[in-house]
Student: 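Attaching a single structure in structure tokens format; questions to follow.
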Amino acid sequence: MSEQPKTSPERMEKIVSLCKRRGFVFQSSEIYGGLNGCWDYGPLGVELKRNLKDYWWRVMVRERDDVVGMDGSILMNRAVWKASGHEETFTDPMVDCRNCKARMRADQLPEKDGVKYCPTCGSRDLTEARAFNLMFLTYVGATQDESAKTYLRPETAQAIFVQFKNVLEVSRKKLPFGIAQVGKVFRNEINPRNFTFRSREFEQMELEYFCAPSQGRELLEYWLQERLRFYENIGLPREKLHVHEIPAEERAFYSQGTYDIEFEFPFGIQELEGVAYRTDYDLTQHIKASGKPLDYFDEETKQRFVPHVVEPSAGVDRTALALICSAYDEETVTDDKGKSETRIVLRFHPRIAPVKAGIFPLLKNNPQLVAKAREISSLLRSHMMTFYDEGGAIGRRYRRQDEIGTPFGITVDFETLGEKGDELKDTVTLRHRDSMKQERVAIKDLLGLILPHL
Ligand code: GAP
């Protein structure tokens, strides 16, 4: 694990509070007391996640010739989870506190003088660790017997492995090529914590990149760099991203190399994504268990082999949280009259900001100003998420958008209507969130000015 910078519980508290106050994230089933490890995304959270997933899909699938997508089912035949090893080994070590009955992950217990203790009551009277399977068990169909058992998927990857042959055939791809998928997964985490960071229901963005055995090591390095570039392109500063190479003795036995891409959260440096060279393990397991050929015939070398796999596997929710944590900023600003106040601003990259432009008529009771502002909304909204706001002083309206990270503010005033001469007619004030600088631009130039940032 990389050296930990100072954590900041106060900063995290402010971020969690803003997420609820402004509609990024709510507790699931809140009116009934919540459900531990489950979260609902509000109007802004859902936009943020959508932008993130869309950008991932764009760079990982649409802009590449060598990757195709798929969307597998969440429920799969139980045989999949037996073959993949999940039924046997997808476990975390769990201990109970004999004093307060709390259940905890054995590998995350605090320690004093070399002795582990219960973080809830402080007792050292803990049971031995035992393996707890993280998959949610469920039954398919009306009979709840052994033959009806299966699990909610704990990763999207297995659907890709078991459909490898079908996708290969229909897409007519040659190695190396990848299959990408984004979707919900479920893990019955023993201790969900750190807000959405460790949840029981979350989304993954996974690529399984199939290649010849001789290409695996090189492609592992390639994908690590590609993924780092992705995080920088959505606005996470490189200096807050860390690469942790998992030592051989800690890796899964079949892996020939794994990197964790980590981020400096306010609660410490924690994993965002794993980039793993999984060799031919998964396909071989499914060949053995299903008896079906999931191998590849190379037309050029006339060789038949089981492809190796490099897997960049990212968490949507963790990345969304990293984006919010990284964007959160407070600064003191002083107005023209010398009055100072704290400005809360989410400095999102415009590409992932939930709302791209706030549109404000200077006065809400002037029909012409309102009509012009509505016209600008219609012009922009088929290209981007906009927010029309006519309530309150213009400064307040800017602050409200700063707090949710809207990069552009567009104000329609009397100059727009031509009351100060023809030169300024059909121009608006374009305000930039980070610098708070304002410029006068023609309405017809707005799209051309904003779109290149998105
Ligand atoms: N197919 C490989 C795989 O699932 P993983 O490291 O277990 O690998 C991949 O998960 C990513 O999924 C993690 O890097 C993380 O971003 C996300 N993730 C895993 N467990 C999570 C949880 N309990 N809550 C939120 N995200 C999680």
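Counting starts at 1 for both ligands and their atoms, in listed order.
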Student: Within a distance under 4.0 Å of any heavy atom of G274, pick out the atoms of ligand 1 and give their elements.
Tutor: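 Reading through ligand 1 atom by atom, the close ones are 14 (O).
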Student: Could you tell me the residue and atom name of the protein heavy atom closest to atom 24 (N) of ligand 1, and the distance to it rounded to 0.1 Å?
Tutor: S199 N, 2.9 Å
Student: Are F305 and Y296 an aromatic pair, judged by ring center distance below 6.0 Å?
Tutor: yes
Student: Charged N to carboxylate O below 4.0 Å: is that the case for E87 and R78?
Tutor: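 Salt bridge present between E87 and R78.
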Student: Which residue owns the protein heavy atom closest to atom 15 (C) of ligand 1, what's the atom, and how far is it?
Tutor: R318 NH1, 3.4 Å
Student: Among protein heavy atoms, which lies nearest atom 6 (O) of ligand 1, and at what distance?
Tutor: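 Among all protein heavy atoms, the one nearest atom 6 (O) of ligand 1 is E271 OE2, 3.3 Å.
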Student: For atom 7 (O) of ligand 1, what is the closest protein heavy atom, and at what distance to 0.1 Å?
Tutor: R187 NH1, 2.8 Å
Student: Just need the protein heavy atom nearest to atom 16 (O) of ligand 1, so name the residue and atom and give the distance.
Tutor: L272 O, 2.7 Å
Student: So with a 6.0 Å cut-off around OH of Y32, is the heavy-atom count from everything else above 12?
Tutor: no
Student: E189 heavy atoms, cut-off 4.0 Å: which ligand 1 atoms fall inside?
Tutor: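 So the atoms of ligand 1 that pass are 22 (C), 23 (N).
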Student: Can you pull out the closest protein heavy atom to atom 9 (C) of ligand 1? Residue, atom name and distance to 0.1 Å, please.
Tutor: S313 OG, 3.0 Å
Student: So which heavy atom on A157 is nearest to which on E311, and how close?
Tutor: CB-OE2, 3.5 Å
Student: Do side-chain atoms of D434 reach the backbone of R347 as a donor and acceptor pair under 3.5 angstrom?
Tutor: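 Checking the backbone N and O of R347 against the side chain of D434, no donor-acceptor pair under 3.5 Å is found.
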Student: Name the closest protein heavy atom to atom 18 (N) of ligand 1, giving the residue it belongs to and the distance to 0.1 Å.
Tutor: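 Nearest neighbour among protein heavy atoms for atom 18 (N) of ligand 1, to 0.1 Å: F202 CE1, 3.3 Å.
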Student: Taking the side chain as every heavy atom from C-beta outward, state whether I234 and L52 have any pair of such atoms under 4.5 Å apart.
Tutor: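 Touching, per the 4.5 Å side-chain cut-off.
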Student: Any N or O of F197 that comes nearer than 3.5 Å to an N or O of ligand 1?
Tutor: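 Right, the criterion is met.
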Student: Near E273, which atoms of ligand 1 are under 4.0 Å from a heavy atom of that residue?
Tutor: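 So the atoms of ligand 1 that pass are 14 (O).
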Student: Nearest heavy atom to atom 1 (N) of ligand 1: which of E208, E206, M205 does it belong to?
Tutor: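 Minimum heavy-atom distance to atom 1 (N) of ligand 1 goes to E206.
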Student: For ligand 1, does E311 get within less than 4.0 Å through its side chain, its backbone, both, or neither, judged by non-hydrogen atoms?
Tutor: side chain
Student: Looking at F202 versus F186, is the centre-to-centre ring distance below 6.0 Å?
Tutor: no
Student: Should F26 and W39 count as side-chain neighbours, where that means a heavy-atom distance under 4.5 Å?
Tutor: no
Student: Is there any N or O on T196 that sits under 3.5 Å from an N or O of ligand 1?
Tutor: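 N/O-N/O distance under 3.5 Å: no.
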Student: Please identify each residue that fulfils side chain to side chain donor-acceptor pair (under 3.5 Å) with K14, with sequence neighbours left out.
Tutor: E330
Student: Can you tell me the protein heavy atom closest to atom 12 (O) of ligand 1 and the distance?
Tutor: Q204 NE2, 3.4 Å
Student: Are any of the N or O atoms of G315 closer than 3.5 Å to those of ligand 1?
Tutor: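 G315 vs ligand 1: N/O contact under 3.5 Å present.
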Student: Test your reading of the model: is there a side-chain donor-acceptor pair from R200 to the backbone of N36, 3.5 Å cut-off?
Tutor: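 A pair under 3.5 Å: yes.
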Student: Can you check whether R198 has an N/O within less than 3.5 Å of an N/O in ligand 1?
Tutor: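 Among all N and O atoms of R198, none is under 3.5 Å from an N or O of ligand 1.
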Student: Restricting to non-hydrogen atoms, name the atom on S171 and the atom on F177 that form the minimum distance, rounded to 0.1 Å.
Tutor: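 Taking every non-hydrogen atom into account, OG-CE1, 4.3 Å.
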